[in-house]
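Shown next, in structure tokens, is the structure this report addresses.
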Amino acid sequence: MMKLLLKSEDLAKLVLSYLGSLYLGYDWWLYFALLLVPDIGMVGYLVSSRVGAFTYNLLHHQGIAIAVGISGFYLGHETLQFAGLLLFGHSAMDRALGYGLKFTDSFKHTHIGWIGPEAKQELQKG
């Protein structure tokens, strides 16, 4: 029941960020066209697991997304506001789907738990 509650909360964050982009006057399709851009942070995994976790987490941290959006608000820069909304919505979508911030030992080890076959192994242990 708790997982469903948390996933619904993250879905609400995603909807809120989308509505925020509409409020800013962006076309409805642009948000969805750019929604996966924050996954560019996975490129760091080509260097190492440590670098990959850092770059991925940098673009998926909701606090950073909020800071980007607020800085855009204070600077009167709508593109930064939109970027903050997009980062926030993307991370909320990922968390609703069961993906989280990464530990440095493995891409599949997240703050939510293991993803993929590792998740089944962890459930069997516990």
Side-chain angles (χ1 to χ4, degrees):
M1 187 63 169
M2 183 57 71
K3 278 190 176 189
L4 180 62
L5 182 63
L6 292 172
K7 287 181 181 202
S8 66
E9 180 180 56
D10 284 316
L11 286 173
K13 291 177 188 177
L14 174 61
V15 170
L16 179 66
S17 67
Y18 171 65
L19 293 175
S21 74
L22 295 178
Y23 180 79
L24 290 175
Y26 286 90
D27 290 331
W28 71 267
W29 58 267
L30 187 61
Y31 183 87
F32 297 106
L34 299 175
L35 189 57
L36 296 180
V37 168
D39 280 337
I40 194 77
M42 287 190 281
V43 171
Y45 281 96
L46 295 174
V47 176
S48 72
S49 184
R50 181 175 292 280
V51 171
F54 176 78
T55 57
Y56 182 91
N57 291 343
L58 184 67
L59 294 176
H60 288 78
H61 192 285
Q62 291 183 348
I64 291 174
I66 292 168
V68 168
I70 288 174
S71 65
F73 177 76
Y74 280 111
L75 295 172
H77 199 280
E78 284 188 0
T79 304
L80 268 179
Q81 293 173 37
F82 180 72
L85 288 168
L86 194 66
L87 289 168
F88 189 76
H90 177 88
S91 68
M93 176 188 69
D94 273 4
R95 291 174 190 185
L97 294 173
Y99 300 101
L101 299 176
K102 308 299 182 188
F103 285 98
T104 57
D105 62 334
S106 171
F107 178 79
K108 295 181 177 185
H109 189 191
T110 76
H111 83 282
I112 297 172
W114 288 91
I115 55 176
E118 289 82 357
K120 291 177 185 171
Q121 291 173 358
E122 288 298 313
L123 285 174
Q124 290 171 352
K125 285 181 188 177

Side chains of residues 25-32: which donor-acceptor partners sit under 3.5 Å, not counting sequence neighbours?
from: Tyr26; atom 1: OH; to: Glu78; atom 2: O; distance (Å): 3.4
from: Tyr31; atom 1: OH; to: Ser17; atom 2: OG; distance (Å): 2.5

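A continuous path of Ile, Leu, Val, Met, Phe, Trp and Tyr side chains, each step under 4.5 Å between heavy atoms, connects Leu59 with Val68, placing both in one hydrophobic cluster. In the hydrophobic clustering of ILVMFWY residues, with side-chain heavy atoms under 4.5 Å counting as a link, Met93 and Ile115 come out together. One hydrophobic cluster holds both Ile40 and Leu80 under the rule that ILVMFWY side chains link at heavy-atom gaps under 4.5 Å. Linking ILVMFWY side-chain heavy atoms closer than 4.5 Å, directly or via other members, places Leu75 and Ile64 in a single hydrophobic cluster. Grouping the Ile, Leu, Val, Met, Phe, Trp and Tyr side chains by contacts below 4.5 angstrom, directly or via other members, places Val47 apart from Phe54.
In this structure, CG in Leu86 is found 9.0 Å from CG in Leu36, a value given to the nearest 0.5 Å. Residue Leu87 holds its CG atom at 10.5 Å from CD of Gln62, rounded to the nearest 0.5 Å. The distance from atom CG of Asp105 to atom CZ of Arg50, rounded to the nearest 0.5 Å, is 10.0 Å. How far CG of Leu101 is from CG of Leu58: 10.5 Å, rounded to the nearest 0.5 Å. The line from OH of Tyr18 to CG of Leu22 is 4.0 Å long, rounded to the nearest 0.5 Å. To the nearest 0.5 Å, atom CD1 of residue Ile66 and atom OG of residue Ser71 are 12.0 Å apart.
No side-chain heavy atom of Tyr99 sits under 4.5 Å from any side-chain heavy atom of Thr110. Side-chain contact between Leu24 and Leu85: present, with at least one pair of heavy atoms (C-beta onward) separated by less than 4.5 Å.
A donor-acceptor pair under 3.5 Å links the side-chain atoms of Asn57 to the main chain of Lys102, judged by distance alone. No donor-acceptor pair closer than 3.5 Å links the side chain of His111 to the backbone N or O of Gly100. In terms of modelled atom types and a separation under 3.5 Å, the side chain of Thr104 and the main chain of Ser49 share no donor-acceptor contact.
Gly44 approaches Thr55 most closely through the heavy-atom pair CA-OG1, 3.5 Å.
Listed by chain and residue number, Val43 satisfy the side chain to side chain contact (heavy atoms under 4.5 Å, CB included) test with Leu46 (two or more places apart in sequence, or in another chain). In this view, Ser8 and Leu5 satisfy the side chain to side chain contact (heavy atoms under 4.5 Å, CB included) rule, not counting sequence neighbours. Residues forming a salt bridge (charged side-chain N to carboxylate O under 4.0 Å, His left out) with Asp10 (at least two apart in sequence, or on another chain): Lys13.
In the hydrophobic clustering (ILVMFWY side chains linked at under 4.5 Å, chained through shared members), Ile112 stands by itself.
The stretch residues 57-81 participates, sequence neighbours left out, in these ring pair (Phe, Tyr, Trp, His ring centres under 6.0 Å) pairs: Tyr56-His60, His60-His90.
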